[in-house]
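Because the structure is predicted, anything quoted here is derived from the model rather than measured. Sequence lines set the chain letters: A, B, ... in the order given, protein chains first and strands last, and positions in each chain run from 1.
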There are 2 protein chains.
Amino acid sequence: MTSSRPGRTSSARAEAAGLAALASLVADETRAGFLLALLDGRAWTAGELARHAGVAASTASEHLGKLVAGGLLAEERQGRHRYVRLADARVAQLVEDLAAQVAPTAAVRPRTLREAGAGSAMARGRTCYDHLAGRLGIAVTDALTGLGLLRQDTGFALTDEGVRWFDGLGVPLVRTGRRPIARACLDWTERRPHLAGVAGAALCRHALDTGWCVRIGSERAVKVTAEGERALSELLGIQPETLH
Amino acid sequence: MTSSRPGRTSSARAEAAGLAALASLVADETRAGFLLALLDGRAWTAGELARHAGVAASTASEHLGKLVAGGLLAEERQGRHRYVRLADARVAQLVEDLAAQVAPTAAVRPRTLREAGAGSAMARGRTCYDHLAGRLGIAVTDALTGLGLLRQDTGFALTDEGVRWFDGLGVPLVRTGRRPIARACLDWTERRPHLAGVAGAALCRHALDTGWCVRIGSERAVKVTAEGERALSELLGIQPETLH
DNA sequence: CTCATCGTTCGGCGCTCGCCGAACTGTGTG
DNA sequence: CACACAGTTCGGCGAGCGCCGAACGATGAG
């Protein structure tokens, strides 16, 4: 079926075909919905995703097969359940970047009160796969920058004091594979960068572990607890009002 | 035609639809080929792209209409020509990231000598939209890092000496909009990060302006000149052999 | 003016692909 | 063992979309 065309070298054509194939995986509304749901970093079962997207189980099964074959998802079978999650942080970053590119267009105008509530909860605080985003993520990033722990003026990197700050928190930063210690991730509600990478993930895990924040609802939204407000205020000087 | 489905809030559905719509633009082999060709950072005419992709002019015209409407391309009409280029650095980054995700799969195995030549020229040096990539890009990035001008261990940012080095080169770095001064871009042949962002673009422009390198062929490949080898050796201590 | 060239619009063809329900396999439960 | 439930496979339907050629405007060259 690969019609031989003039004009390009076959390597250029292969590159285009690969790019198109990857994009095709995301180019379906149902599959896109799966990927966005999975941005919460947790593993979902096939049935949960099917219900979430409002399609038949058979349809969801076919979609998951394609996403796994395409390397975007990793699966883990347990008994009669098929758990599926984003393949790695790289894929999560790609989905986030694509979603961020879309956001400006789809400027949010919620229709019902219920959605308005959900929308503002997501705007207050949420996770991008494994790090904090929303106003919460921005506040933390700004605070780190203001304290000289994170440098944004010439790129995006922790300072030496920043590394020590994480050590002091009891969260040593160990570099794994090619993932950078600090990376900027663009927030689609605030339109400003927040901390991602190894440090962003470590901080988010610490915040969930120690109860600074808890997940609300079944998706990405998180809520800062009273204890969390105290800790963020003490450690980073973040005013609780900033987070409301 | 938007069938009302249960399960998700309508805002989540809208987000998924937007994401799918964006990906759909890239999910066609012909349009993907356009985007990859445009990664050279230059403006192409509709006819050039049609010939390059091996499709009829009418087909190319329809594709360009979609890409422009989707915000991925910017167009400029001059007389009877329609010049088109990537909308901005953000779009270029997105296309690069997607292409990099594909590359590991499509491990290159060139078929003809001609393609092998083109392939290795691309591997030696090329541009990603507006900055240097390939072995050339990696060599420059490594040299900057080794000299303490760029910091990669805790993120990706220029040091203060790095900023001064660019000033000394006669290429002041001015921050425009939200684009970061330094950003890591993953190279799909070397699988390692190279310098992008304002600094990467400035360095690339300087290299082309001063004749350190010149474009070869009609796409992204660039070649280091003898003068360029001298300059890179003097300024950054890059051994010419590294670039061959 | 005449002609060539660049680009767009339109109609029609054919393929791909997402969707479902029904039938089936495999796993845990009572 | 019977039964409920998670997930998969298959056949078939319908819509969407990429492709082309032909006809048509618009621009620039001779």
Side-chain angles (χ1 to χ4, degrees), chain A residues 1-8 13 16-17 19-35 43-70 72-85, chain B residues 1-8 13 16-17 19-35 43-70 72-85:
Chain A
M1 203 58 56
T2 310
S3 62
S4 185
R5 287 178 186 166
R8 292 179 289 174
R13 200 176 318 126
L19 177 55
L22 172 60
S24 295
L25 292 175
V26 190
D28 174 81
E29 182 173 342
T30 301
R31 286 196 295 266
F34 286 3
L35 294 171
W44 293 49
T45 68
E48 284 169 343
L49 286 171
R51 278 188 300 278
H52 180 259
V55 295
S58 57
T59 303
S61 177
E62 289 170 354
H63 284 311
L64 291 180
K66 291 184 186 186
L67 290 170
V68 170
L72 295 187
L73 301 188
E75 67 181 350
E76 206 167 325
R77 312 223 176 200
Q78 277 180 26
R80 59 180 173 179
H81 290 283
R82 178 194 207 178
Y83 285 95
V84 77
R85 55 183 168 75
Chain B
M1 204 55 56
T2 309
S3 62
S4 186
R5 287 178 187 166
R8 291 179 289 174
R13 200 175 321 126
L19 177 55
L22 172 61
S24 295
L25 291 175
V26 191
D28 174 82
E29 182 173 342
T30 301
R31 286 195 295 265
F34 286 3
L35 294 171
W44 293 50
T45 67
E48 283 170 343
L49 286 171
R51 278 189 300 277
H52 179 260
V55 295
S58 56
T59 303
S61 177
E62 289 170 355
H63 284 312
L64 292 180
K66 293 184 185 184
L67 290 170
V68 170
L72 295 187
L73 300 188
E75 67 182 349
E76 207 167 325
R77 311 226 175 197
Q78 277 180 25
R80 59 180 173 179
H81 290 283
R82 176 194 208 178
Y83 284 96
V84 75
R85 55 184 168 72

Applying the Watson-Crick and G-U criteria (both distances under 3.5 angstrom) with [ ] for crossing and | for other-strand pairs, one obtains for DNA chain D ||||||||||||||||||||||||||||||

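The side chain of Lys66(A) contributes no N or O atom lying less than 4.0 Å from OP1 or OP2 of dC17(C). Contact check, Arg31(A) against dC19(C): no side-chain N or O comes under 4.0 Å of OP1 or OP2.
Atom CD of Glu29(B) is separated from atom C1' of dC19(D) by 13 Å (rounded to the nearest Å). Atom CZ of Arg77(B) and atom C1' of dG28(D) are 17 Å apart (whole Å). Between the C1' atom of dG7(D) and the CZ atom of Phe34(A) lies a distance of 13 Å, rounded to the nearest Å. Atom P of nucleotide dG18(C) and atom CG of Leu67(A) are separated by 10 Å, given to the nearest angstrom. Atom NE2 of His81(B) is separated from atom C1' of dA4(C) by 12 Å (rounded to the nearest Å). Put simply, CG on Asp28(B) is 17 Å from P on dC15(C), counting in whole angstrom units. Counting to the nearest Å, the C1' atom of dA6(D) and the CD atom of Glu76(A) are 17 Å from each other.
With sequence neighbours left out, the side chain to side chain donor-acceptor pair (under 3.5 Å) criterion links Arg82(B) to Glu75(B). For the side-chain contact (heavy atoms from CB on, under 4.5 Å) test, residues two or more places apart in sequence or in another chain that qualify with Thr45(B) are Glu48(B), His81(B), Tyr83(B).
Taking CG of Leu22(A) as the start and CG of Leu72(A) as the end, the distance is 6.0 Å to the nearest 0.5 Å.
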Polar-atom pairs under 3.5 Å, protein N or O versus N or O of nucleotides 24-30 of chain C: list them with distances, or write none.
unit_1, atom_1, unit_2, atom_2, d
dT27(C), O2, Arg80(A), NH1, 3.2

List, with names and distances, any nitrogen or oxygen atoms from the protein found under 3.5 Å away from nitrogen or oxygen atoms belonging to nucleotides 1-3 of chain C.
none

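The shortest heavy-atom contact between Ala16(B) and Glu29(A) is CB-O, 3.7 Å. Of all heavy-atom pairs between Gly70(A) and Leu25(A), the closest is CA-CD1, 3.7 Å. Ala56(A) and Ala50(A) make their closest contact through O-CB, 4.3 Å (heavy atoms, listed as atom of the first residue, atom of the second, distance).
Here the side chain of Val55(B) is nearest to one of dT8(D), dG18(D), dC20(D), namely dC20(D). Relative to the side chain of Arg82(A), the nucleotides dG18(C), dA6(D), dT8(D) differ in distance, and dT8(D) lies closest.
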Donor-acceptor pairs under 3.5 angstrom involving side-chain atoms of residues 57-68 of chain A: please list them, not counting sequence neighbours.
unit_1, atom_1, unit_2, atom_2, d
His63(A), ND1, Arg31(A), NH1, 3.1

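Counting heavy atoms from C-beta outward, Val26(A) and Val26(B) have side chains that stay 4.5 Å or more apart. Two residues are said to be in side-chain contact when any heavy atoms from C-beta on lie closer than 4.5 Å; His52(B) and Phe34(B) fail this criterion.
Listed in residue order, the members of residues 58-65 of chain A having a heavy atom less than 4.0 Å from DNA chain D are Ser58(A), Ser61(A), Glu62(A).
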